[in-house]
Each structure stands twice: as structure tokens, then as C-alpha cells.
Amino acid sequence: MNSLSRRRFLKISGATISAAAAVTSLSSVVKGAQKIDEKTGKPIKGIQKIPTYCDVCFWKCGAIAYLKDGELWKIEGNPNDPLSNGRLCPRGTGGIGAHYSTDRIKHPLIRKNERGEEKWVEVTWDEALEYIATKMKKIKREYGPESMALFSHGVGGTFLKHTMKAYGTNNMTAPSFAQCRGPREVGFEMTFGEGVGSPERTDIENAKCITFIGSHLGENMHNTQVQELSKAIANNASIIVVDPRFSVVASKAKYYLPIKPGTDIALLLAWMNVIVKEKLYDVDYVEKYGYGFEQFAAEIEDKTPEWAYPITTIEPELIRKSAREMAKNIPASFIHPGRHTTWYGDDTQRSRAIALLNALLGAWGRKGGFYLPNKFSVPKYSDYPKYPKSKKPLVHNPGHKYPYAEGEQLSTGIREATINGIPYPIKGWMVYATNLLQALPNRDETIAAIKNLDLLVVVDIVPSEIAGWADVILPEATYLERYDDLNNAPFKQNFVSLRQPVIDAPHDQKPNWWIAKKLADKLGVGNYFPWNNIEEYLDARLKKAGLSLAELKKKGVVKGEKQPIYFDEGIEPGFFTPSGKIEFYSLQLEEHGFDPIPKFTDHGNPPPGYFRLLFGRAPVHTFSKTQSYKFLKDAMSENEVWMNQTVANKMGLKSGEYVQLKNQDGKKSGRVKVRPTERIRTDCVYMVHGFGQTAKEMKTTYKKGGSDAELVTRYKMDPIMGGTGMNVNYVTIDWEA
Ligand SMILES: Nc1nc2c(c(=O)[nH]1)N[C@H]1C(S)=C(S)[C@@H](COP(=O)(O)OP(=O)(O)OC[C@H]3O[C@@H](n4cnc5c(=O)[nH]c(N)nc54)[C@H](O)[C@@H]3O)O[C@H]1N2
Ligand SMILES: Nc1nc2c(c(=O)[nH]1)N[C@H]1C(S)=C(S)[C@@H](COP(=O)(O)OP(=O)(O)OC[C@H]3O[C@@H](n4cnc5c(=O)[nH]c(N)nc54)[C@H](O)[C@@H]3O)O[C@H]1N2
Ligand code: SF4
Ligand SMILES: [Mo]
């Protein structure tokens, strides 16, 4: 803490001040690290370096932010951080655009007209929080506290979750489960007894062969993985890529398999057929650790490459060659589990097939496969009263319809309860850092749910599409302007890192912890925040781990002692499945009426004149959140629709021409440029997610490019865990752009 903010801190914590005054005074501890010249009162001249961790995506790379004459200048990787190794991805480097975005919300806002009209009045924080607390108390009185739900994405939601639990609800969800990595986690848990986690426990760096199933690393910019992949490629690792689109990583591949979308399970079964028939698998490993291998081998007996060929359109010879390539490199050979795995509704089974192929390769627990991560132990802050116990069940999964949706909650389940009141009505949403209109499938359902609410609060940094529907918008300080909770995610190298304010928030924005604490006060549960200030909270946690906030503020990251991460380094192999083994045959799936061994299901074809809509990432943007950041905005201001060159020629479409896409239900995408290319199959089109934003107040992003989210009206629920398969929409070209 610099001298100025320290003095202020002491002043505040020492004084007895009225609640209203505290609202304003506490804000002064949200100061950035700019050193102030005592005489002039202006920031000192010169360079200041402040370590923190990135928030442009959820990888949380350690970074160093630079101030030049008190102004935010640039941000680079922290060389001591094991996630960034001193380098950020292009998005992280462009992160200072968050602070400078001209679209930022400057003050709390309360809705003036109808919901969705984007008309606001500016209010003070006290007024905004009073308004929210009054409504929340009314909901509690009339329906019970469980009728409030929280949607939040990312570490910044930690303290709001705490406030909501203290208030009395456990209905809380994030789009990172049922719209993202949920099927993968469940598929791997069913097989190895553990999920893959985030950061993924893939030992890319040491692999000799890596197979990517639509996991488009290089466009998906998760930093550590991209860095490790370039090392693996430099070491001549073989790359195998399966993707209907010739992705960036496909350009590095020894074998590229341009699969028909939606048929990956058939390919996976055929690969396993080859590997088992030719006895190329890790026999020792499978004998020692496998359960139900015989039944599995019998099930895939007839799933030959010839069987898979008409389904996948991949030549049998290419299936054989690529299968032999992965087996040749055992045990440093693995299939990347992917991350965004909610594609076709049978995604848990596809992920299970990926897990099983990895088991055949003996990859789990092995160098060059899946390592066993460890975590820097930082005890929780535990000096809290117990949360009130709810008498009601969670709303997201009535009757446990999706038996494996119990670890995390289903966003669409909470949305449904809001629409139909089953098992009980949801009357208020608190939405933190998630643009639900882009993230959830079927926007009309989200809007229908919003129309049923008595209260919609959105905490955001810009007037995003979801904020456009809010009753109250709370403008947050960006990650460069605030503290958040510590990051000690399980990884190869255990570590703990700190996010700290680099610079002041430019207007009347506040950090999430402050909002959560103040709201708790207004709700009468202020006793759940026994600390005055997040610095106290962080220091208390760090002290319990033998560290201190002062040390972390200086270093940004502290690493623990190196621990073993492979079976070969002495870790006792253990699998937390019912059989205690790797389950080639899953009794628990069978008990619930699901296939114990994955089976291929057909996902149909686009009708004549239509294409299957696929989508993914671009290196310089994160979903719908970075389009207004300077630098990133200039690097890519709109998306394009990738379309096969021959098809485009036949349709008379030229490169750069604007069209709209129209889906099977008549929904349109907004204006988007055509990009004819040989790099995609003829039966699908592809676009980068996050563009085509419809919030009028988002001056820099409004209607730039087309929105895949608007076209995802149809989605297919994964019966095992409730994931929303979103690659099930067909689009045609609508020239009226
Ligand atoms: N159609 C379609 N849907 C998808 C996907 C897809 O590819 N296509 N991808 C899926 C996947 S994998 C995921 S993980 C989810 C992602 O879903 P989300 O996490 O909801 O992603 P964004 O759309 O970027 O929404 C982030 C919101 O947070 C706001 N924000 C940014 N920084 C801050 C901050 O510091 N504080 C606060 N309070 N708010 C902030 C942004 O302005 C934006 O409104 O979407 C899923 N849904
Ligand atoms: N730059 C950047 N990087 C990011 C993010 C970001 O927003 N921006 N978001 C992060 C997050 S939260 C996630 S979840 C990940 C998502 O990234 P990944 O998990 O890598 O990928 P997806 O978005 O699921 O998949 C997109 C790819 O799958 C291909 N594909 C589509 N359908 C099929 C099919 O049926 N079969 C096969 N084999 N391939 C298919 C598409 O052509 C495309 O290349 O990215 C992470 N990294
Ligand atoms: S991968 Fe990129 S955007 Fe994500 S945390 Fe790391 S540097 Fe930031
Ligand atoms: Mo994701």
C-alpha cells in the first residue's frame, strides 16, 4: 500500500462514520498503485511496474502492468509466473483497452422506461444499492430468498456468491459448465474418476504426438497451451487434427482429417478399433488399470475404418495411418480433451470416447499425456457465520432429470424455472460478468425469462446486451483497477498469484468485493463481511499460508516447491471411479439407462440450400467482451463468415461482400462479410463468436459483424449432464443485408 492510500485506509478503518458516508469513503481504498507526488498532488514522473494477473480470459496469466507518468502504458507477462512464463497472449497484451474503453459505464444506472429500451437515469451507489436491497427483501418476503438467482462468470463473482448465500440462496450458475466444458469434465470423471480441470492438465510440452478434435489451439489462445504447443512442434511432435475447417493448428498437422461435422464418435470408435485389433495399445497399462476392457473390445469389434468411412467421410487408410501414428508415440501421445465441448447433445459420450482412447494410449498420469496437478495450499478465509440453510431444493435440475448435472448448476435450468415457475418461481437475477444474451442458446427464451423478473441487476463494465435489459446496472472497476481473490489453480507447478489495482478507476466504478460487501450491509447480512477491506481478507488468507499481502504485492506470484506430477515420478496411480479403475465399461452410466460404452448417433444433414453453423474463437478476442478494447478492436473489428470457395462461386458470392445468415427458424445474424475459402468443407459455415452486438449503447461494437448467438435458437440437451449442444443449427444466405 502506498503512503497515501495507507493514510486513507487508517482514517477510514479507525473512524466511526455513518453508513452513507462509509459508502463514499471506503471507495478511496480502491486506489491504483500510482505514486503521487506529495507536493503537486499529481502522479510522479517515470515508469512504475505493478504485478497482477490477467482477466481478459479465465486462464489468469501472471502479468506486469506498466505505468508511465501515472498513466497506464502497457502490460506484459510476469517472467516468474508459471502460466505466462513472461508472455501474454495478444488479448492479454491488449487488456489495457479495458481501462480505456470509451464505452464504459461511468455511474450506477437505474432503468427509466421499459426493460430493454436502454434508457437510464444516473444514481449514486447508495441509491442503486438501496433500490436493489429493497427489491431483494421484497422477493425474500413474498417468495423466499431462493427466488433470487446469481449468474456469474470468473473469479470476480466470488464475493457476490458469498453475499447471495448469506442472503439465503444457492441458486447460482455460470455459462462455463453447461455451455462450455461440462461434458468433458463429466466424460473424463466417468472414465478416470477425475475431470480435466482448468488449466487443462495436458502435458503438451512433453508430448510426441497430440491429436486435436476440433480443439483449435492457436485461435483458442489459452496462453500456456499455445506456448507448450510451439515447443512440442519445435521438438518434432506429430500433430493430428480433426476439424471440418482447416484451423491454424491444422496447418501444423502431419495428418489432417476434414471430418463431417457431428460424426467424431464414429471416428473415435474406428481409431480404437484399429488400435485394439492391431494390439497397438498400452497392454500393460490397460491390464493393470482398466475395468471392463473385454466388453469394450467386443463393442468396438465391428467399428472398422470401413464402417466409419461413409459416416465421417474420412478415408479408411487415413484413419489407420493416424491411429498408428498416435500409438507409435505411446505413452507420450494424447488426444486433447477440448474445452468448449457442448456441440451435439451427445457430448459427454464423445468426451468419454476421447477419454477411452487416451486410456488405450496409457496417457493418464504419464509424461507427455495428462499430468496430475498440484495446488498451492492457501486456506480459505473461514471466519464467517454459517450460511442460512435452505429448505428448498436447487431449481436448475428438477427431479434430477440430468443425473450428472449435480457438480455445477445448469444455466438453462435456472432460466426455465424463471419462465415456468417450476419447481418454484425465480423472481430476481443478479448477473455478474456474463453476457447471457450471447452466452446462452436461444435468446428469445432468455428474454422471456427476463420479462418474468421483478429484478434484474447487471454488474458489467460496459452497457452490454444483457445490461441493456437490466433494472439496475452497477459499473464495475476493471481488473486493472481492483483486487480480486487469489489464484492458486491446480497446475504443473503450484503457485499463488495476486490481482491488485494498477490504476484508479476513471469514474464512479467500484470493485466487485466492495459491491458485495455494501449490498450485504443493506440486506442486513453485513456480519458475513467481518473484514473492512479486501486487503485485510487477502492478507489473512496469505498469512495462513505463511505469506503476506506485502510480499505478493511486490512479486505478483509465489511458487511452491516442485511436486511429482506423473505416475513415473512416484505418484501412486489411483482412479476415483466406482471400480477404482479406468472404466472402459461404465456401470454408473448403465444404471442410469445410458450407454455404458459410447455409441455413435447420427446428427443429420443440413437441408438443401442450408449449411451447418459452426463457430469458435479468434486470437485477438474473448467472446463478446473485448470488441470495444482499443488495439483489439483495431486488430479485428468485425467477424466474417467462412464459406467453401466452390460453394461461394456457385452462389455468386464475392469475398468481402456483406450478407446476412438466416437459420432454420428464420432468425437472422446481422450484416457479416463473406470469406470464401478452401479451408472449410462444403456442408458447413463458420464464424467467430461474440460479434454482431445489438446493444445501442455499445457505440464501438453495435452491429459490427454477425452474431452466431442469434442463430443458435435450437440446442440439444445432453441427457447425462444437461449441456446445451449448440452446433445443431442450419443457416442459409439471406442477401438482404
Ligand atoms: N453461440 C455461442 N454461445 C457460446 C459460446 C460460443 O462460442 N457461441 N461459447 C460458450 C463458452 S465456451 C463460454 S465459456 C461462454 C462465455 O460466456 P460469457 O462469460 O458470458 O462471455 P461474454 O459474452 O464475453 O460476456 C462477458 C461479459 O462480462 C463483461 N465484463 C467484462 N469484464 C468485466 C469485469 O471486469 N467486470 C464485470 N462485472 N463484467 C465484465 C463483458 O462486458 C460481457 O458483458 O459462452 C458460451 N456460449
Ligand atoms: N482467443 C480466444 N481464446 C479462447 C477463448 C476466447 O474467447 N478467445 N475462450 C476460451 C474458452 S472459455 C474456451 S471454452 C475455448 C474454446 O476453444 P476450443 O475448445 O478449442 O474449441 P471450440 O470453440 O469448441 O471449437 C471450435 C473448433 O471446432 C471445430 N468444430 C466444429 N464442429 C466440429 C465437429 O463436429 N467436429 C470436429 N472435430 N470439429 C468441429 C470448429 O471448426 C473450430 O475449429 O477457448 C478458450 N480460448
Ligand atoms: S490466455 Fe491471454 S487473455 Fe487469457 S489470461 Fe492469459 S494472457 Fe490473459
Ligand atoms: Mo468456455
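For clarity, every value in this text was computed on a predicted model and none was experimentally measured. Every number for a ligand or one of its atoms is a count from 1 in the order of the listing. Side chains are part of it too, since the values below use all heavy atoms of this structure and drop only hydrogens, waters and symmetry mates.
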Please indicate whether any nitrogen or oxygen in [X] is less than 3.5 Å from any nitrogen or oxygen in ligand 2.
X: G214; answer: yes
X: L217; answer: no
X: T341; answer: no
X: H340; answer: yes

Going by the closest heavy atom to atom 3 (N) of ligand 1, which one wins out of Q179, R181, Q438, Q693?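 Comparing heavy atoms across Q179, R181, Q438, Q693, the nearest one to atom 3 (N) of ligand 1 lies in Q438.
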
Check each of D460, I461, I515 against atom 32 (N) of ligand 1 and report the one with the nearest heavy atom.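 Checking each option, the heavy atom nearest atom 32 (N) of ligand 1 is found in I461.
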
Less than 3.5 Å between some nitrogen or oxygen of T434 and one of ligand 1, yes or no?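 T434 vs ligand 1: N/O contact under 3.5 Å present.
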
R482-ligand 1 polar pair, N/O distance under 3.5 Å: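 Among all N and O atoms of R482, at least one is under 3.5 Å from an N or O of ligand 1.
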
Provide, to 0.1 Å, the distance between [atom] and the closest protein heavy atom, together with that atom's residue and name.
atom: atom 25 (O) of ligand 1; result: N435 N, 3.1 Å
atom: atom 7 (O) of ligand 1; result: R617 NH1, 3.0 Å
atom: atom 18 (P) of ligand 1; result: H153 ND1, 3.7 Å
atom: atom 15 (C) of ligand 1; result: P175 CB, 4.0 Å
atom: atom 1 (N) of ligand 2; result: A618 O, 2.8 Å
atom: atom 31 (C) of ligand 1; result: K625 CE, 3.9 Å
atom: atom 47 (N) of ligand 1; result: A439 O, 2.8 Å
atom: atom 12 (S) of ligand 2; result: F623 CZ, 3.3 Å

Distance under 6.0 Å and angle within 45° of ring axis: [X] vs [Y]:
X: K625; Y: F58; answer: yes
X: K74; Y: Y66; answer: yes
X: K517; Y: W514; answer: no

In ligand 2, which numbered atoms sit nearer than 4.0 Å to a non-hydrogen atom of [X]?
X: S215; result: 20 (O)
X: P244; result: 30 (N), 33 (C), 37 (C), 39 (N), 40 (C)
X: Y344; result: 32 (N), 33 (C), 34 (C), 35 (O)
X: H621; result: 1 (N), 2 (C), 6 (C), 7 (O), 8 (N)

[X] to ligand 2, any heavy atom closer than 4.0 Å:
X: F58; answer: no
X: G262; answer: yes
X: F615; answer: yes

Region of [X] engaging ligand 2 - heavy atom pairs below 4.0 Å:
X: E219; result: backbone
X: R339; result: both
X: T622; result: both
X: N727; result: side chain
X: C89; result: neither
X: N220; result: both

Hey, is [X] touching ligand 1 through its side chain, its backbone, both or neither, going by heavy atoms under 4.0 Å?
X: E476; value: side chain
X: E710; value: neither
X: E465; value: neither

For the pair E200 and R339, find out whether any cationic side-chain nitrogen is under 4.0 Å from an anionic carboxylate oxygen.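 The answer is yes: the pair qualifies as a salt bridge.
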
For F623, what residues pass the ring pair (Phe, Tyr, Trp, His ring centres under 6.0 Å) criterion, not counting sequence neighbours?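 F623: no ring pair (Phe, Tyr, Trp, His ring centres under 6.0 Å) contacts found.
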
Can you list everything that forms a ring pair (Phe, Tyr, Trp, His ring centres under 6.0 Å) with Y53? Sequence neighbours excluded, please.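 Not a single residue meets the ring pair (Phe, Tyr, Trp, His ring centres under 6.0 Å) criterion with Y53.
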
For [X], take its heavy atoms, then give the atoms of ligand 1 lying under 4.0 Å from any of them.
X: S464; result: 44 (O)
X: C180; result: 12 (S), 14 (S)
X: M726; result: 3 (N), 4 (C), 47 (N)

Listing request: all salt bridge (Lys or Arg N to Asp or Glu O under 4.0 Å) pairs with a residue in residues 213-223, at least two apart in sequence or in separate chains.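 Matches after skipping sequence neighbours: E219-R245.
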
For a quick check: using heavy atoms under 4.0 Å, what are the residues in contact with ligand 3, sorted by chain and number?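 Correct list: C54, V56, C57, W59, K60, C61, L88, C89, R91, G92, M221, N223.
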
